[in-house]
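Below is one structure, written out as structure tokens, with a few remarks after it.
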Amino acid sequence: MDFALRASRLDSLLLRHQQWWRFNVYAGAAATHLDNHNTLRDYLHSLSHADIHDLQGDDQRLLTALRPYFEPATELAELINITPAGPQLSPQEPPKGIPGRKWQQINAFIAAQANMHRPVLEWCAGKGYLGEAISQHYQLPVTALEIDPHLVAAGNARAKGDLPLRQIIRCDVLTDDVHQQLTPTQHLVALHACGGLHQRLLRIAVAHNSPQISLAPCCYHRFNGSYTTLSQQLKNSALHISSSDLRTAVRQTNTARQGETSARRTLQAWHLGLRELLPLLGADKTTNLPSLPQHWSKRSFAEFVQVQLDHKNIRHALPSGLADFEQAGWQQLHRAEAVDLLRMAFRRALELRCVLDSLLFLEEHAYQCTLNAFCSPTLSPRNLLIQAKKRQ
Ligand SMILES: C[S@@+](CC[C@H](N)C(=O)[O-])C[C@H]1O[C@@H](n2cnc3c(N)ncnc32)[C@H](O)[C@@H]1O
């Protein structure tokens, strides 16, 4: 299926089913959302915590499980199916200082390249680990751009022996300074450049007629005041994507640390439990409650409740039987996570719509493009790789 057709089918599927992916179950209406969908609701309510956890981390498994109960699942599964890139490089120990997971992503990124023979410009490079690996693997000169002076200094300390073949330059790619770093022969590469930063890369590449691009995008909502559609095809769409929609696109926690996930869930359950308690304390269930930092999850439910009440100036003694409210919060969280699987079912589709927007923009500017999954989602859920070559 070509990119234009895939984008158009995804766009109309997302448009038709907005009620499922624009719905925030944690805002409290999970119970009524499925009123006219009894078999779907029964299925979701039958899931254990372990089932939910498994399905959250695997888009295709989730869609297969939902297929008997949820009409859009079949088409979603077809449209989000992306071919994995070819064979991986044989595993090697990471060079000193490069974290193991980042090193595996870099190796997968390099193995997925169709070819590399041009001088490389690395975009938003951090300490330039990707450029370091490319320059060693292909013996190519690499210039890397990074805004953070500490990362630039640390990266250049690593690159010392490789000068002038490799250097990291402090540059804010969102300013005009970036233009002076571009030459007509460069291959632009970026691993996990966030939303507005990779859109900038694409615009700059088009403006400079850059001959080759390899881009693994991430965090579509970041560095984007509001999401700007790049391609003419999707500019004509009736679907307008907001920053909160884009957060849904990257909502996948299978690489989050277990401690973080557990702290987040505890605070969510307590939050829901407190909402049940509020009417007993003379406050409205929908009172706006602040979110607390993760370390609060180490305290008790009673302490959590007390600090929230103090914050809201609600002066009322805590009732007995607080444990029941805590328990109710955990039950509600379980239900909400089950129903939220429906939003998760559209996660990859939303991500892919952003990526297809980039691909269509490049095609509209005479690039020939491919799209692959360069690594497994367990290594990084942001595993889509755009490769583009300017047509002669
Ligand atoms: C998600 S990290 C990716 C780093 C690296 N490519 C990697 O995969 O490890 C994004 C990087 O973009 C850099 N960055 C953010 N804004 C930037 C800007 N305006 N210009 C250049 N770099 C920027 C950040 O400092 C950070 O190092």
Side-chain angles (χ1 to χ4, degrees), residues 85 94-113 116 120-137 142-159 166-182 186-205 207-208 210 213-225 227-228 243 246-247 249-252 255-256 351 354-355 358 373-377 379-387:
K96 194 160 180 271
I98 303 188
R101 183 178 283 276
K102 182 52 71 183
W103 180 240
Q104 287 176 49
Q105 292 167 8
I106 286 170
N107 273 306
F109 184 100
I110 291 180
Q113 299 305 310
M116 293 201 100
V120 168
L121 183 68
E122 185 187 359
W123 203 255
C124 299
K127 292 183 189 167
Y129 295 148
L130 173 66
E132 178 177 330
I134 290 174
S135 84
Q136 280 164 12
H137 196 83
V142 177
T143 305
L145 306 180
E146 168 57 48
I147 195 170
D148 181 330
H150 302 293
L151 299 178
V152 172
N156 277 326
R158 290 183 70 86
R166 188 160 73 83
Q167 60 174 325
I168 304 177
I169 294 174
R170 186 174 180 200
C171 174
D172 177 349
V173 299
L174 299 177
T175 65
D176 282 344
D177 293 350
V178 76
H179 291 284
Q180 68 204 47
Q181 305 303 337
L182 273 282
Q186 281 161 332
H187 183 164
L188 272 53
V189 305
L191 172 60
H192 294 160
C194 303
L197 302 176
H198 69 248
Q199 286 198 327
R200 173 77 169 161
L201 178 152
L202 298 173
R203 287 201 178 94
I204 293 283
H208 284 263
S210 297
I213 303 163
S214 300
L215 162 66
C218 83
C219 299
Y220 305 89
H221 57 287
R222 298 197 63 213
F223 300 96
N224 256 330
Y227 179 72
T228 327
S243 294
L246 294 178
R247 277 197 197 92
V250 294
R251 222 179 144 270
Q252 197 177 32
T255 53
E351 175 172 23
C354 294
V355 170
S358 297
F374 73 96
C375 69
S376 83
L379 182 56
S380 169
R382 303 285 77 73
N383 67 345
L384 295 173
L385 173 65
I386 297 172
Q387 295 191 71

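Side chains are part of it too, since the values below use all heavy atoms of this structure and drop only hydrogens, waters and symmetry mates. Whatever order the structure lists ligands and atoms in, that order sets their numbers, starting from 1.
Taking a 6.0 Å sphere around NE2 of His179, one finds it holds more than 12 heavy atoms contributed by other residues, nucleotides or ligands.
Under a 4.0 Å heavy-atom criterion, Trp123 is not in contact with ligand 1. The closest approach between Ala193 and ligand 1 stays at or above 4.0 Å for every heavy atom of the residue.
Among all non-hydrogen protein atoms, the one lying nearest atom 19 (N) of ligand 1 is Asp172 OD1, 2.8 Å. Counting protein heavy atoms only, atom 22 (N) of ligand 1 is closest to Ile147 N, 3.3 Å. Ranking the protein heavy atoms by distance from atom 6 (N) of ligand 1 puts Leu191 O, 2.8 Å first. Protein heavy atom nearest atom 21 (C) of ligand 1, with residue, atom name and distance: Cys171 O, 3.3 Å. For atom 12 (O) of ligand 1, the closest non-hydrogen atom of the protein is Cys124 CB, 3.3 Å. In this structure, atom 24 (C) of ligand 1 lies nearest to the protein heavy atom Glu146 OE2, 3.5 Å.
Under the 4.5 Å side-chain criterion, counting only non-hydrogen atoms from C-beta, Met116 is in contact with Val189.
The aromatic ring centres of Phe223 and His198 sit 6.0 Å or more apart.
Legend: residues meeting salt bridge (Lys or Arg N to Asp or Glu O under 4.0 Å) with Arg158, ordered by chain and number and at least two apart, are Glu132.
At least one donor-acceptor pair under 3.5 Å links the side chain of Glu122 to the backbone N or O of Gly131. For the pair Arg222 (side chain) and Gly196 (backbone), a donor-acceptor distance under 3.5 Å is absent.
Using cut-offs of 30° and 60° for the angle between ring planes, the Phe374 and His192 rings count as tilted.
Residue contacts with ligand 1, taken as heavy atom pairs separated by less than 4.0 Å, involve Ala125 solely via the backbone atoms N, CA, C and O.
Under a 4.0 Å criterion applied to the non-hydrogen atoms of Leu197, ligand 1 contributes the atoms 14 (N), 15 (C), 16 (N), 17 (C), 18 (C), 19 (N). Using a 4.0 Å cut-off to heavy atoms of Leu151, the atoms of ligand 1 that qualify are 27 (O).
Each of Leu201, Leu130, Leu191 was evaluated against Trp123; a single residue qualifies, Leu201, per the side-chain contact (heavy atoms from CB on, under 4.5 Å) test.
Comparing Val173, Leu145, Leu130 by heavy-atom distance to atom 20 (N) of ligand 1, the nearest is Val173. The option from His192, Lys127, Glu122, Lys102 that lies nearest to atom 8 (O) of ligand 1, judged by heavy atoms, is Lys102.
Using a 4.0 Å cut-off between charged nitrogen and carboxylate oxygen, Arg382 and Glu351 count as a salt-bridge pair.
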